[in-house]
Amino acid sequence: MISSQARSDAQVLWDHHLMHHDPRPCSVAVGLGSHDLQVADTAVDLFRRGMTPLIVFTGATSRTTRARMPRGEAVHYQERALELGVPGSAVLVEPRARNTGENIRFSRALLEEAGVDVSSVLLISKPYEERRAHATARKLWPGVEFVSASHQMTFAEYLASIQDDRLVIDMLVGALQRLMIYPVQGFMVHDPVPDNVAAAYERLRRAGFTSRLVADGADGGR
């Protein structure tokens, strides 16, 4: 059983991870690879709304996506977008990235090679990865404005969609840890963590929500 305190603390982390940006037209949308096809759905929605003329999907596979997405995260995202009616000419695929830093660096290189002039990016991720992806992109792609986006849903709705509350809370805790330790590793810019968020994080750690923690940043920003 997950205590009411843990659920309350997890809500605090969820709220912090969201950037609360309003979508606006940008040069390109970059969908970060994961297990969640809603990233692709969000990119398609933004494309249909005229927020971007071009989508880049980026991602290879990971231990959590290898079975579900054997052709690679970016390829499965692309297939989803094409199924939903996005023309092939509006989608680029970056199939090699295995962590968030590589998502950004390899997408940037792909767009440069394609001759795409980029001044702003709709950065699309899972909801609880918005802040970390934004801080990573600001570090690795200076001079570009980033607008964070994800599938719009409440914490309760996300829990219901995953159907594994402990796993979700573990992921929230892991994402928060990375916000605190990765700036020192050079993976992202410093993004201050408010005291109440840090306190909620420490309570969750002490309660055992630790499966997604890293020891030294060795996953390269995943």
Side-chain angles (χ1 to χ4, degrees), residues 9-47 49 51-52 55-59 62 64-65 73-74 77 97 99-105 107-108 120-142 144-159 161-162 167-183 187-194 196-198 200-201 204 212 214 219 221-222:
D9 287 336
Q11 180 73 61
V12 171
L13 265 61
W14 173 271
D15 292 340
H16 180 68
H17 286 311
L18 294 170
M19 294 297 293
H20 305 288
H21 289 170
D22 292 324
R24 67 168 186 80
C26 289
S27 307
V28 65
V30 175
L32 304 182
S34 74
H35 65 273
D36 193 347
L37 278 175
Q38 289 179 333
V39 173
D41 292 348
T42 300
V44 171
D45 176 64
L46 292 167
F47 176 83
R49 292 163 57 189
M51 296 293 177
T52 182
I55 302 169
V56 175
F57 290 128
T58 169
S62 69
T64 59
T65 63
E73 296 156 1
Y77 280 9
N99 57 59
T100 307
E102 289 184 353
N103 287 143
I104 302 303
R105 291 192 289 108
S107 295
R108 178 183 181 182
S120 56
V121 173
L122 280 164
L123 193 61
I124 307 169
S125 66
K126 300 186 295 296
Y128 66 87
E129 294 287 2
E130 279 193 15
R131 188 171 295 275
R132 184 161 74 94
H134 191 266
T136 303
R138 287 168 56 205
K139 173 72 175 184
L140 299 177
W141 203 345
V144 170
E145 182 178 0
F146 294 95
V147 179
S148 295
S150 63
H151 184 70
Q152 295 300 293
M153 60 199 315
T154 66
F155 181 44
E157 290 169 340
Y158 193 79
L159 288 174
S161 73
I162 300 298
L167 174 62
V168 171
I169 297 175
D170 280 346
M171 292 190 293
L172 294 174
V173 171
L176 201 286
Q177 181 207 30
R178 287 159 175 78
L179 279 174
M180 295 189 291
I181 69 172
Y182 277 1
F187 294 142
M188 63 177 65
V189 299
H190 177 62
D191 192 311
V193 176
N196 68 310
V197 178
Y201 163 79
L204 289 168
R212 295 293 169 141
V214 295
D219 67 351
R222 187 69 183 181

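- Of all the heavy atoms in F146 and H21, the pair that sits closest is O-CE1, 3.8 Å.
- Nearest heavy-atom pair, A29 versus T52, reported as atom, atom and distance to 0.1 Å: N-OG1, 3.2 Å.
- You'll find the side chain of E102 stays beyond 4.5 Å of the side chain of T58, heavy atoms only.
- Between R132 and Y182, some side-chain heavy-atom pair lies under the 4.5 Å cut-off.
- You'll find the side chain of V56 reaches within 4.5 Å of the side chain of V28, heavy atoms only.
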Donor-acceptor pairs under 3.5 angstrom involving side-chain atoms of residues 12-19: please list them, not counting sequence neighbours.
residue	atom	partner	partner atom	Å
D15	OD1	Q11	NE2	3.0
H17	NE2	L172	O	3.1

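- Distance check, rounded to the nearest 0.5 Å: OG of S161 to CD of Q38 gives 6.0 Å.
- The two atoms that bring P25 and S120 nearest to each other are O-OG, 4.3 Å, heavy atoms only.
- Counting heavy atoms from C-beta outward, V121 and W141 have side chains that approach closer than 4.5 Å.
- Contact annotation: the side chain of S150 never approaches that of E129 to less than 4.5 Å [non-hydrogen atoms, C-beta and beyond].
- Counting heavy atoms from C-beta on, the side chains of D191 and R131 come closer than 4.5 Å.
- The minimum heavy-atom distance between A149 and E130, with the atom names listed, is C-OE2, 3.7 Å.
- Of the possible donor and acceptor atoms, one in the side chain of Y77 sits under 3.5 Å from a partner among the backbone N and O of L32.
- Every residue was checked against the side-chain hydrogen bond (donor to acceptor under 3.5 Å, both in side chains) condition with R105, not counting sequence neighbours, and none meets it.
- Between L123 and I104, some side-chain heavy-atom pair lies under the 4.5 Å cut-off.
- The shortest distance between side-chain heavy atoms of H35 and K126 falls below 4.5 Å.
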